[in-house]
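Counting from 1, the numbers follow the sequence of the chain as shown.
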Amino acid sequence: MGARIGLCLGWGPTTTTMTMLLLCGVVVRAVRQQESCQNISVAGPMTQTELLQELTNECRYDKMVRPPGELNERDPVKVWARAYIYTIKSNMAKTLQFDVHMMLQFRYLDTRLKFEDIAPHQNQIYGGQSAHDLIWTPSVYVANERSSVIMGNSVKDLLISIDPSGMVVLNTRLEAILNCGLRLEKFPFDVQECPMVFESWTHNVQDMILNWDEAPIVLADELHLTEYRLVEQWVNRSEVSYTTAQQHYGHFG
């Protein structure tokens, strides 16, 4: 709305009048919408779907706006990540790539979805794609993937759970083909490192902080590589600075 009003202002008296009418219409619509948005009251039994639809009614919830921070609305929302890796396929000799299959879990608090006072007998809300379409989810991508997929916008296999405090847990399955650089100075006694970098697509550190959760990497017991032996794994966290253009368009300046 602000952008539209700003564009209208510099076109002369006629357009200014139209802008004023448009602004009045927006105010009236907002007041009417606010009047129609009543407090949620559970008079009888309510299904998980009905409860989530009430919580995410457009008069009180905007999925395009990220959740408020822990202290106030301006604080960044903290998203905690974990990965369960169950398949690693190596074809380093030909393509310098690893094919990784994993389950990813993102956990964050969205107090707008809190329902412990509204539905005290409801222990959890579970859902799939339909629940995902109603709520805000973090858009995270693998920065060094050969063909990056934005998670949180277009996913096939996912499960969402919401507890009474508004803690959201998003589980999704991902197959990532990672580009790895070979270092063969010590061949055949070489040790190769192949990083997997997760990065926020739509938010900077002022809006969202991406952290590793407890026990961040879990490897399946049956995990086996044919050409290599997995020696160790570790995680870290870093902040990357981009120009204004890069913040909107990733690595394209």
Mark yes or no for whether Glu199, through its side chain, and Ala143, through its backbone, hold a donor-acceptor pair below 3.5 Å.
no
Over 60° means perpendicular and under 30° means parallel, so tell me whether His203 and Trp136 are parallel, tilted or perpendicular.
tilted
Mind checking whether Leu178 and Val142 have side chains closer than 4.5 Å, heavy atoms only?
yes
Joining Ile, Leu, Val, Met, Phe, Trp and Tyr whenever any side-chain heavy atoms lie under 4.5 Å apart, the cluster holding Leu159 also takes in none
Please, which pairs that meet salt bridge (charged side-chain N to carboxylate O under 4.0 Å, His left out) have at least one residue in residues 200-210, sequence neighbours excluded?
Arg66-Asp207
How about Ile85 and His101: do any of their side-chain heavy atoms sit closer than 4.5 Å?
no
Contact between Pro164 and Gln122 at the side-chain level, heavy atoms closer than 4.5 Å - yes or no?
no
Mind jotting down which residue pairs meet the salt bridge (charged side-chain N to carboxylate O under 4.0 Å, His left out) criterion with at least one end in residues 124-140? Sequence neighbours excluded, please.
none
Tabulate below the donor-acceptor pairs under 3.5 Å that side-chain atoms of residues 69-76 make, not counting sequence neighbours, or state none.
unit_1: Asn72; atom_1: OD1; unit_2: Arg74; atom_2: N; d: 3.0
unit_1: Asn72; atom_1: OD1; unit_2: Asp75; atom_2: N; d: 3.0

Go through the side-chain N and O atoms of Gln105 and Asn171 and say whether any donor and acceptor fall under 3.5 Å apart.
yes
Contacts satisfying salt bridge (charged side-chain N to carboxylate O under 4.0 Å, His left out) that involve residues 209-225 (not counting sequence neighbours) are Arg107-Asp213
Tyr84: hydrophobic cluster co-members (side-chain, 4.5 Å)
Tyr86, Met103, Val218
